[in-house]
Novice: 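Pasting a structure here, questions to come.
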Amino acid sequence: MRKTILYVEDNPDNMLLVQRALEARGYALLQAKDGETGVSMAEREAVDLILLDINLPDIDGYEVARRIRSSGKSGLAYVPIIAITANALKGDAEKALAAGCDVYMSKPINIRELWARVEAFVPTDGQPTA
Ligand code: MN
């Protein structure tokens, strides 16, 4: 069964990198370029995991995480969220966890770390997405 990951990210280079990396491992990727879109996609679609950039053009990733965690949609409050932080030294990571994210990764994105963290939450059969 293919797992679906929602990636909320405004940077097209990161989006493409992550799309290629996750589709190569058999995940389906939903893409949101800003926070409001990310929240609404999370509420509308069946999502197994959320990758969340913190620096977004509208509401920030902390607010996205808080809205998802307080959503009335059944189960959405428990969907794993991996924050992707640019400024780990400035306390982004602690704020991300406080906002409801489960773990965080620092930019630049390391693909092996990404695979390991994603697979820890949502194992895949490893077959590439057609
Ligand atoms: Mn960003």
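Quick caveat, the model's predicted, so the values are computed rather than measured. Start at 1 with the first residue, then count along the sequence. Whatever order the structure lists them in is the order used to number ligands and atoms, beginning at 1.
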Novice: Counting neighbours of NZ on Lys107 that are heavy atoms of other residues, nucleotides or ligands and sit closer than 6.0 Å, is the number greater than 12?
Specialist: yes

Novice: Surrounding CZ of Arg112 (heavy atoms of other residues, nucleotides or ligands, distance under 6.0 Å), is the total greater than 12?
Specialist: no

Novice: Indicate yes or no: at least one non-hydrogen side-chain atom of Glu43 is less than 4.5 angstrom from one of Leu76.
Specialist: yes

Novice: At less than 2.8 Å, would any N/O/S atom of Asn55, backbone or side chain, sit next to the Mn ion (ligand 1)?
Specialist: yes

Novice: Applying a strict under-4.5 Å side-chain criterion to I, L, V, M, F, W and Y, I'd like to know whether Tyr104 and Ile54 cluster together.
Specialist: no

Novice: Need the atom name: nearest N/O/S atom of Asp10 to the Mn ion (ligand 1).
Specialist: OD1

Novice: Suppose we only allow N, O or S atoms; which atom of Asp53 ends up nearest to the Mn ion (ligand 1)?
Specialist: OD2

